[in-house]
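Below is one structure, written out as structure tokens; the observations come after it.
No hydrogens, no waters, no symmetry mates; every other heavy atom, side chains included, goes into these values. Reminder, nothing fancy here: chain letters follow the sequence lines and each chain counts from 1.
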Protein chains: 2
Amino acid sequence: MTPPAKSLSVAFGATAPRTLGAPAPVISISELKIHCATCSVRELCLPVGLNSEEVAQIDVLVGARVRLRKGDALYRVGDPSAALYAVRLGSLKTTVLAEDGREQVAGYHMLGDIIGLDGIGSGHHGCQAQALEDTEVCVLPFERLEDLARDLPPLQHNLHQFLSREITRDHNIMLLLGSMRAEERLAVFLLNLSDRYRKRGYSSTEFVLRMTREEIGSYVGLKLETVSRLFSRFQEEGLIQVQGRAVKLLDLTALKRIIGQRG
Amino acid sequence: MTPPAKSLSVAFGATAPRTLGAPAPVISISELKIHCATCSVRELCLPVGLNSEEVAQIDVLVGARVRLRKGDALYRVGDPSAALYAVRLGSLKTTVLAEDGREQVAGYHMLGDIIGLDGIGSGHHGCQAQALEDTEVCVLPFERLEDLARDLPPLQHNLHQFLSREITRDHNIMLLLGSMRAEERLAVFLLNLSDRYRKRGYSSTEFVLRMTREEIGSYVGLKLETVSRLFSRFQEEGLIQVQGRAVKLLDLTALKRIIGQRG
DNA sequence: CGACTAGTTGAGGCCAGTCAATGTTGGTGG
DNA sequence: CCACCAACATTGACTGGCCTCAACTAGTCG
């Protein structure tokens, strides 16, 4: 349909990252090939067994890297969706916007996460992805991904797994938002982060939050003051230690015990 | 991999519907072929243009129908996931379960909806699907669906659209649960139902709810008493007319105006 | 240094939850 | 056909958890 090289730059033109409210976006697009075969996050992006020949085929797929500075948007609501993105470095938040301007953080994404899955259906993004710090993502043009998936059943299955897992993840957040008390929500949030850091080889008990209290609140359906108060209370109770965005989880068992406790 | 006929009954053995709490499930599985080509809900299940030859191929895919009686579970949390299901008749709810037993309704599904999308990733269902009335679904064995999708790019794309749309839908519910007031939530719920009935050729202003107040409440993050009170208030204000589960929307504009109004 | 953003903490209010009593509906069996 | 029962729904009184508003502090960046 579209010539391989060209389609990529078209995709970029359409989904050009830009600082919200800023007039002229400054983005670095590295055309230097990053080979999946030597990429340190490969086992996160491509979890099931692909042999080296198959990985080589995926290498062809990966169009380029995009570098984002803190605050830059990778894509915004309504942008045409032409690609998925694999987080190589840094982290992002995705937010859904209501018509009246209300914002809901739909997810926080770090190393190895695949984002942009929501745009495939309608052809344009239903949410916005924004870098929480300096960030790098690999671009996976979706049309090429579909083509390749037809030849590589394991890749096809992988893709379905990513989509399906995202649905399961969202269901769990719905459970949190729909039926948990403030305490529980924050405990779930912290334990979830802990788990994800652990899986990536970082400390699961000591990390730096990349988002503000307000952003945390938006994610778990609370106001920023409530988040702040709960952090303080958890600290008083010896569950955690907080110093601004630096968090240390002191008592994982107690945190887990909070979840499921009725009022 | 698995012989076509056998794999189907295996799938049924694994995901056998059963009444919750009932000792012996009574399910009707009709082995009679329903041909997609003559199915009245085809344009809902298969939205993009497939030619008649391609539809014939999908016919081969559809394994059987499952009949469910009100209350029967199509699948439950933890059941191995081997198929997607297309709703041919009736309606279902899907619910997520917390470890402590709390239940959150994740969605209501009617004519033409595809469910079971959450199970693909992990290989087992992360939620439970239960019939709200007498219901019939078509079984789409997932392995065969993946095989066929490799030969039929439009089908492949369709599948991705379904998965992606489910994600977008979930994001919108997260927005609702995370940042809307009770009034707004119920207005969104009613307008969403209205819209879906309209798209299916039913009245968009007069319909019968298939779920209890408690189930509505679970879906939108409210208690059943709050749902009941709001229905009464909407009626007093002339927005709707309620008689048990029969609902008539009298003022769609006013209902839409509710959404986005800050406390 | 001043302006700004992010975070903490307190006082008070309100929306939705809780508890409880009563009404309504639909299915079942005598 | 009607009596009965269980599930569902409505409504009221009260409570409480989280939000709102507001003051203050701590960093950060030009």
_Under 4.0 Å, heavy atoms only, any strand: does A:Gln235 hit a base, just the sugar-phosphate, or nothing?_
nothing
>> Atom CD of residue position A:Glu183 - does it have more than 12 heavy atoms of other residues, nucleotides or ligands inside 6.0 Å?
In response: yes
Notebook entry, point to check: Taking C-beta and beyond as the side chain, do A:Val247 and A:Val208 meet within less than 4.5 Å on heavy atoms?
Noted result: no
OP1 or OP2 of C:dT8 under 4.0 Å from side-chain N/O of A:Arg213:
yes
Under 4.0 Å between a side-chain nitrogen and a carboxylate oxygen: does that hold for A:Asp113 and A:Arg196? yes
Out of D:dC18, C:dA16, C:dT8, minimum distance to the side chain of A:Leu222 belongs to D:dC18
- Per the atom types in the model, does the base of C:dT18 pair as donor or acceptor with the side chain of B:Arg229 at under 3.5 Å? yes
Worksheet entry | Heavy-atom donor-acceptor pair, A:Glu133 side chain to A:Ser91 backbone, under 3.5 Å | yes
Taken to the nearest whole Å, CD/B:Gln243 to P/D:dA9 is 12 Å
(request) Determine: side-chain N/O of B:Thr226 to OP1/OP2 of C:dC15, distance under 4.0 Å, yes or no. (result) no
Checking all strands, does A:Gly217 fall into the base, sugar-phosphate, or nothing category for heavy-atom contacts under 4.0 angstrom? nothing
Worksheet item: Do A:Arg67 and A:Glu136 meet the salt-bridge criterion of a basic N to acidic O distance under 4.0 Å?
Response: yes
From CG of B:Leu224 across to P of D:dT11 the rounded distance in Å is 13 Å
Atom CD of B:Glu215 and atom C1' of D:dA9 are separated, to the nearest Å, by 13 Å
To the nearest 10 degrees, the angle between the two end axes of the helix from C:dC1-D:dG30 to C:dG30-D:dC1 (five pairs per end) comes to 40°
Separation of D:dA9 atom P from B:Leu230 atom CG, nearest Å, is 15 Å
| task | Could you tell me whether A:Thr212 contacts a base, only the sugar-phosphate backbone, or nothing, with contacts defined as non-hydrogen atoms closer than 4.0 Å? | result | sugar-phosphate
Practice task
Determine yes or no for a side-chain-to-main-chain donor-acceptor pair under 3.5 angstrom, with B:Glu184 supplying the side chain and B:Gly260 the backbone.
Solution key: yes
Ranking C:dT8, C:dA16, D:dT20 by distance to the side chain of A:Lys223, first place goes to D:dT20
Whole-Å distance, B:Glu183 CD to C:dC15 C1', equals 11 Å
B:Glu225 CD to D:dT10 C1', in whole Å, measures 10 Å
### Message
Does A:Gln235 have more than 12 heavy atoms from other residues, nucleotides or ligands lying within 6.0 Å of its CD?
### Response
yes
In whole angstroms, the gap separating C1' of C:dT25 from NZ of B:Lys70 amounts to 11 Å
Atom CZ of A:Arg245 and atom C1' of D:dT28 are separated, to the nearest Å, by 12 Å
